[in-house]
Amino acid sequence: MFVFSNNKAGMGSVDKERVNRIIYEMSKNSSYFKQAKLQDDKLDQKVAEMKVKLKALGTVRKAQRTRQADKIATELEAQRQLDEVCMVIDMDMFYAAVEVRDRPELADKPVAVGGESMISTTNYQARLKGVRSAMPGFIGRKLCPELVFVKPDYEKYTVVAEQIREIFREYDPRMRAYSLDEAYLNVTKVLTERLGLDGSNAQAGVAAPAAAAGASEHVCSGTYEAEADTSRRPSMGLNVTYPEKRYEGDEEDDEEARDGRSGERRSPRETRRIRLFEAARALAEEIRGRIREATKLTASVGIGPNFMLAKIASDWNKPDGQMCIGGDRAEVLRFLHDLPVRKIGGVGKVQEKCLREALGVVTCGDLFRERGSVIHVMTPHTSRWLIKASLGIASADHDVATEQAQAVGAVTRKQISKERTFGELSAPRDLLNKCREICDSLAAEMATKGLEAKTVGLKVKTTKFQVRTQDSTGNAYVSSADDLFSAASALLQREIQGAAAASAPGGKLRLRLMGVRASGFRGQAGAPILPGQATLDGFLSSKAAEGGCQGEDESGNDGKRQQREEEADSAGGAEQQPPGGLSRPSRPTPAAMEHPFVGGGQGRPGSRPRSKELLRGVQPATGIPRSALLATAAANVSCPVCGEELGAASNTALNRHLDACLGVCAPAGEGERGGVGGGGTGRRRSKEEAFPKKRAKVSSSGIERFLTPKELV
DNA sequence: TGGCGGAGG
DNA sequence: CCGACCTCCGCCA
Ligand SMILES: Nc1ccn([C@H]2C[C@H](O)[C@@H](COP(=O)(O)OP(=O)(O)OP(=O)(O)O)O2)c(=O)n1
Ligand SMILES: [Mg+2]
């Protein structure tokens, strides 16, 4: 089977055998597990395809590829920047630490913050038992019966987050908070000031130099000492293979040329770096001390010439420690050589598996060595990003580093959504009702931010854990709950019909999660985000403000922080972002397996028509533009299911109609209209009929009149 | 360009 | 009997 518990920054000494066994025992029969396995199989297929593609790569061509990769590497090397000092500060077991601090009795007990369904984080005692973040509570309990569950208190965490940010700003006013417990600081300025160094010179050398290895022993403080590097040196593909400084703009620092030697004489620049990083280590101690003093909590710090490295470093000596990857190129490469690629921000489970199983790449050293293969199978964008990471080249600029991570310093938001997990729901009526609830909530959120969206999306997760999304874009902007619901419910109808049509008689859409998303905001590409606050913060506060969810779920989540670094370039040119996907040669999409409906393994659920079709579907036969549907309110009440005009009927009358209508349409689905791809053919019908579409004006705006939560049950 | 799945955090 | 929210990538039509 697949990897369950990978080693995290918890404790290495965990009875992994036992943990995995228990998790497996508890999961093997669950829908979740089955779905996970399906996805894993798909991944295996992708890996297989990559292998095939690689096999076809002859020695000659591979050498060619490697040369291409070298070209990229050289180009990237020119961007290498070692004169900035970046710092990533990450609180230790954040939520749990806060809770334990406020409840001393818990100090010696294993604690989990979260609920029965999901654990947000745990303290070290719990981690020793294998209980960690993102693990469902019931498994955590099985793993550790004494586990004490504590409900998350986001407001409290937010207060703490503000406290530490206040401190961070003193050292870097441009500091970026990635999440409540993580922040990115560029402390170059403070340090140069403290040391009375000339800050300008640092900026000067854009094209970066590398330093002599002689500084290495000064550089690391932590477990990553300059230990046995001598022994691994030989095998170090990075240093050996890479065409060192042949292309570099080496005019200035010539002595750095031999970066394998010990440099007796140091260039001024080199000396500056050493002093800078030395001071940085002291600064980190200072900051940690201040955090402890102000919050009674501990944090770990990572220092490096760029954020990618600093981030990795911050995890190195995790509990209450710090680590520094100096600004010496040789040291950076030495450090990376044996570093598992998984440590790179942006490389997750999938990337890791593809690299390892298809390319035999496990460490960054391997990654660079296989660069030829990398660019052969991966997308150009991803290849470039990976090569860059393997060389430890990244940006020292907050905005670049935190970019696409809607991280806190982000300026705009591109979408906003609301989703809820609940106990199984399948009655169309309940589904619609839930949809309405979510739309209400989303609308409220949008209102506070003054957002108007052009596209509305629906997300659905079946009880089998299959996730599906749909979007519909109109020509008008919407923001009211009514309009959101009008669009979302239309989409939901498609799902309902699709399920009914594709599955056996009586088949229906059974969901455990539903979400509604709004995007394509008015005014520019994105909407401004709260000042200084991460979207995450906004999320937490809004969530805390809302009432609890319903259903037996309760969970306790927060968002997960995200982060990314990489890329730089400021000189234009193709930019790069972390991965996103690996190049995916052809796409078989074994729809049959994943889509319960649609017997013929034809395609999307209910052979969901794509693009155009979608719009057509939602659009009323009359030819009224979607925009009208979305934007308009609904003067006249009409049924969201059949579209029949209901006039000014009373709520009860409307409800009655709804029930009748749903009762007929839902189960019957395949009956006459067959709904989507219905029938045994499995073959999709002409677009026109693919979806019987409620040929009516889906101005469900009226539905809320009676489908409002309170009234319906 | 719009839409959807997916990866990653 | 496994969360909520968000961004970007890749592929398709
Ligand atoms: N899947 C996840 C991961 C994290 N979090 C929350 C809880 C954490 O307290 C907080 C910070 O995440 P970290 O990854 O930094 O984890 P911790 O701070 O808890 O532990 P560590 O000591 O490893 O940093 O984010 C979450 O809700 N769900
Ligand atoms: Mg943390």
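Chain A is the first sequence line, chain B the second, and so forth, proteins listed ahead of strands; every chain is numbered from 1. Computed from a predicted model, the values in this text were never measured in an experiment.
- Rounded to whole Å, the distance from NZ on Lys459(A) to P on dG6(B) is 12 Å.
- Applying the 4.0 Å criterion to OP1 and OP2 of dG3(C), one finds that Ser117(A) has every side-chain N and O outside that range.
- Using a 30° and 60° split on the angle between ring planes, Tyr184(A) and Phe307(A) fall in the tilted class, from 30° to 60°.
- Enclosure of atom NZ in Lys142(A) is not indicated, since only 12 or fewer non-hydrogen atoms of other residues, nucleotides or ligands lie within 6.0 angstrom.
- When distances run from any side-chain atom of Thr382(A) to the nucleotides dC2(C), dG10(C), dG3(B), the shortest one goes to dG10(C).
- Residue Asp44(A) contributes atom CG, which lies 16 Å from atom C1' of dG6(B) at whole-angstrom precision.
- Stem regions for DNA chain B, each three or more consecutive Watson-Crick or G-U pairs with both distances under 3.5 Å and listed by first number, read B:1-9 with C:5-13.
- In this structure, of dG9(B), dG3(B), dG10(C), it is dG10(C) that holds the atom nearest to the side chain of Thr379(A).
- Between the side chain of Thr421(A) and the base of dC2(C), no donor-acceptor pair of N or O atoms lies under 3.5 Å.
- Minimum atom distance to the side chain of His381(A) is reached by dC9(C), of the listed dG3(C), dC4(B), dC9(C).
- With dA7(B), dG3(B), dG3(C) as the choices, the nucleotide that has an atom nearest any side-chain atom of Val350(A) turns out to be dA7(B).
- Between the P atom of dC1(C) and the CG atom of Asn29(A) lies a distance of 12 Å, rounded to the nearest Å.
- Taking CD of Glu495(A) as the reference point, atom SG of Cys435(A) lies at 11.5 Å (rounded to 0.5 Å).
- Checking dG3(C), dG10(C), dA7(B) against the side-chain heavy atoms of Ser120(A) singles out dG3(C) as nearest.
- The shortest heavy-atom contact between Lys46(A) and Val350(A) is NZ-CG1, 4.2 Å.
- Taken to the nearest 0.5 Å, the CD atom of Glu352(A) stands 10.5 Å off from the NZ atom of Lys343(A).
- With a 4.5 Å cut-off on side-chain heavy atoms, Lys353(A) and Asp44(A) count as touching.
- A sub-4.0 Å separation between OP1 or OP2 of dG6(B) and a side-chain N or O of Lys42(A) is present.
- We find that CG of Leu43(A) is positioned 15 Å from C1' of dG10(C), with the value rounded to whole Å.
- Listed nucleotides dA4(C), dG3(B), dC2(C) differ in distance to Glu419(A); the shortest reach to its side chain belongs to dA4(C).
- Nearest heavy atoms, Ala358(A) versus Met50(A): CB-CB, 3.8 Å.
- When heavy atoms are screened at a 4.0 angstrom cut-off, Ser417(A) is found touching the sugar-phosphate backbone but no base atom.
- Checking dG9(B), dA4(C), dG3(B) against the side-chain heavy atoms of Leu513(A) singles out dA4(C) as nearest.
- Between Asp40(A) atom CG and dG6(B) atom P the separation is 13 Å, expressed in whole Å.
- For dC1(C), neither phosphate oxygen OP1 nor OP2 lies less than 4.0 angstrom from any side-chain nitrogen or oxygen of Ser31(A).
- Looking only at side-chain heavy atoms (C-beta outward), Phe465(A) and Leu38(A) stay at 4.5 Å or farther from each other.
- Atom C1' of nucleotide dC2(C) and atom CE of Met118(A) are separated by 4 Å, given to the nearest angstrom.
- Straight-line distance from the CG atom of Leu451(A) to the P atom of dC5(C): 15 Å, rounded to whole Å.
- Side-chain N/O atoms of Lys414(A) include one lying less than 4.0 angstrom from OP1 or OP2 on dC8(C).
- Side-chain proximity of Gln351(A) to the nucleotides dA7(B), dC4(B), dC6(C) is greatest for dA7(B).
- For Val52(A), there are no side chain to side chain contact (heavy atoms under 4.5 Å, CB included) partners at least two apart in sequence or on another chain.
- Rounded to an integer number of Å, the gap from NZ of Lys151(A) to P of dG3(C) is 15 Å.
- If you find the closest nucleotide of DNA chain C to Ile416(A) and to Arg512(A), the one lying nearer the 5' end belongs to Arg512(A).
- Distance from the side chain of Phe138(A) is smallest for dC2(C) among the nucleotides dG3(C), dG10(C), dC2(C).
- The phosphate of dC4(B) (OP1 or OP2) has no side-chain N or O of Arg468(A) nearer than 4.0 angstrom.
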